[in-house]
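All of these numbers come straight from a predicted model, not from anything done at the bench. Letters A, B, ... mirror the listed sequences (proteins, then strands); counts begin at 1.
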Number of protein chains: 2
Amino acid sequence: MSRSLVHKSAKSVSGPKPADIRLEDGLSVQARAAPRDRIVSTACELFRQHGIRGIGVDAIAVAAETNKMTLYRHFGSKDDLVCETLRFTSEKAAAFWDELEAAHPNDPMARLHGWVAAKAKCLADERFGCDLANAAVELKEQGHPAHAVIENFKLAQRRRLEDLCREAGVSEPELLSDTLAMLMEGAQVSKLATGSEGPSMRFLRACEAAIASFRQPA
Amino acid sequence: MSRSLVHKSAKSVSGPKPADIRLEDGLSVQARAAPRDRIVSTACELFRQHGIRGIGVDAIAVAAETNKMTLYRHFGSKDDLVCETLRFTSEKAAAFWDELEAAHPNDPMARLHGWVAAKAKCLADERFGCDLANAAVELKEQGHPAHAVIENFKLAQRRRLEDLCREAGVSEPELLSDTLAMLMEGAQVSKLATGSEGPSMRFLRACEAAIASFRQPA
DNA sequence: CATAGGTGTGACCGGTCGGTAACTATTCGG
DNA sequence: CCGAATAGTTACCGACCGGTCACACCTATG
């Protein structure tokens, strides 16, 4: 199975001990984040790159420039850490929605097009799709605590997208919002399976066509 | 991580040794398949249920009513077995396309609607989505031999769907076919993440609306 | 300076993993 | 009926997994 041959060169990601850099007055500059935060963001990245089952807790701890013991002092188990990283990603996604709302005040239709454009950009930039959806595919054991986190996230996402469509005044907002949700989810997994030259290359055009077909006849 | 607690009751799936059932003339009836075939179909099912990384070769061998040694005589490694199961699934999918073609001779538009209906039925019946896509999500190590199998499958699927759309005489057949592909892929993963009450519940209506919006104006 | 709480270190545990060796039992074609 | 191929059995290997232990360390605060 060519088991997890994670690169051992996970150390020294940002010079020799950045925590040692201090000014003359003893005030620490460039202070690195607390171990717990480093662990969460590092785990987030490594889960994305290798899959949740594809990376071990020890490798995560080392990559976060700490150790397994400290990791287990903050998270009771690997499953706990998984849930925490998914929550972390969820919160970043929630912030994205707020930014979107602020970017297009009083223009719901522009907001909808803004959503499509932003998602198209995500699709082009990020190599791996939605962490939450990927976790849902990977963690099949029913009863896994991550499932609740995933469901909450997808529920909130669906509600916000539906609100967006309703405010934009399209006909059948629920159908359009679910259509867009499926297009996005499908584009992400399709890009993983087929690469950038697959169906996902027409994600933006597909979304715009869908929106156009649901526009109210004036 | 609550590691693979696969039910140990994998034995005795079809009564006591069905191979022993014989007629008086010595001709074997209900002869079970060859070990190799049993392994492939069993692995297919177990990979679906537990994920590729979530089930071990020994558990697969036992569930196929054989043993690990025989498994390794037919497949050089677990990766080999994975590729073989993906090819197996690919071939079944190819057969589906042929059936679809036979079911609607000389009526491309009916064939297109037949495709949507068939996929909607798959979506309702099967708990786990497309094996190939799931494998793409799960196996992130680049260079994994399964990626070639997956890409071939998705390429063929895309080509056939595009042909279907073109023959149906819609405007922009490529855009419609990629839209349908993303809707299908998205519905499958969305069902894994959110369950049957998520966006996938509107898969059929979304597909029909997409097709309608691309119909040639007489 | 003393103390306490968070952190680092290394060894360790039981279990499971993918994969192999050696040997026996079964089956089947000539 | 014999021999060759295939299948089954048991034990084993080294690696890695998630998780825990005891203990030294550091630093902030009183």
To the nearest angstrom, how far is [X] atom [atom1] from [N] atom [atom2]?
{"X": "A:Lys68", "N": "C:dA11", "atom1": "NZ", "atom2": "C1'", "result": "10 Å"}
{"X": "A:Arg53", "N": "D:dG18", "atom1": "CZ", "atom2": "P", "result": "11 Å"}
{"X": "B:Glu65", "N": "D:dT9", "atom1": "CD", "atom2": "P", "result": "11 Å"}
{"X": "A:Ile60", "N": "D:dC16", "atom1": "CD1", "atom2": "P", "result": "16 Å"}
{"X": "B:Leu81", "N": "C:dG19", "atom1": "CG", "atom2": "P", "result": "10 Å"}
{"X": "A:Tyr72", "N": "D:dA22", "atom1": "OH", "atom2": "P", "result": "18 Å"}
{"X": "B:Leu71", "N": "D:dT9", "atom1": "CG", "atom2": "P", "result": "14 Å"}
{"X": "B:Asp58", "N": "C:dT16", "atom1": "CG", "atom2": "P", "result": "11 Å"}

Item to check | Sequence-distant partners of A:Lys121, side chain to side chain donor-acceptor pair (under 3.5 Å), two or more places apart | outcome: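 Partners of A:Lys121 under the side chain to side chain donor-acceptor pair (under 3.5 Å) test: A:Asp125.
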Next on the checklist: For A:Arg73, give me all partners under side chain to side chain donor-acceptor pair (under 3.5 Å), at least two apart in sequence or on another chain.
Outcome noted: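 Testing A:Arg73 for side chain to side chain donor-acceptor pair (under 3.5 Å), a comparison that skips the adjacent residues, returns none.
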Next on the checklist: Using every non-hydrogen atom in the two residues, find where B:Ala187 and B:Phe203 come nearest and quote the distance to one decimal.
Outcome noted: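 In terms of heavy atoms, the two residues are closest at CB-CD1, 3.7 Å.
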Next on the checklist: Quick test of your reading: applying salt bridge (charged side-chain N to carboxylate O under 4.0 Å, His left out), list the pairs with at least one residue in residues 86-96 of chain A, sequence neighbours left out, ordered by first then second residue.
Outcome noted: A:Glu84-A:Arg87
Next on the checklist: Going by salt bridge (charged side-chain N to carboxylate O under 4.0 Å, His left out), name the residues that satisfy it together with A:Glu208, two or more places apart in sequence or in a different chain.
Outcome noted: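 Listed in chain order: nothing, the list is empty.
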Grab the N/O contacts between the protein and nucleotides 5-7 of chain D below 3.5 Å, and write none if there aren't any.
from  : atom 1 : to      : atom 2 : distance (Å)
D:dA7 : OP2    : B:His74 : NE2    : 2.9
D:dA7 : N7     : B:Arg73 : NH1    : 3.4

Checklist entry - Which listed nucleotide (D:dG18, C:dG18, D:dC21) is nearest to the side chain of A:Met69? => result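 Side chain of A:Met69 sits closest to D:dC21.
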Item to check | side chain to side chain contact (heavy atoms under 4.5 Å, CB included) partners for A:Ala193, two or more places apart | outcome: B:Ala136, B:Ile150, B:Lys154
Item to check | Heavy-atom donor-acceptor pair, B:Lys78 side-chain to C:dG19 base, under 3.5 Å | outcome: no
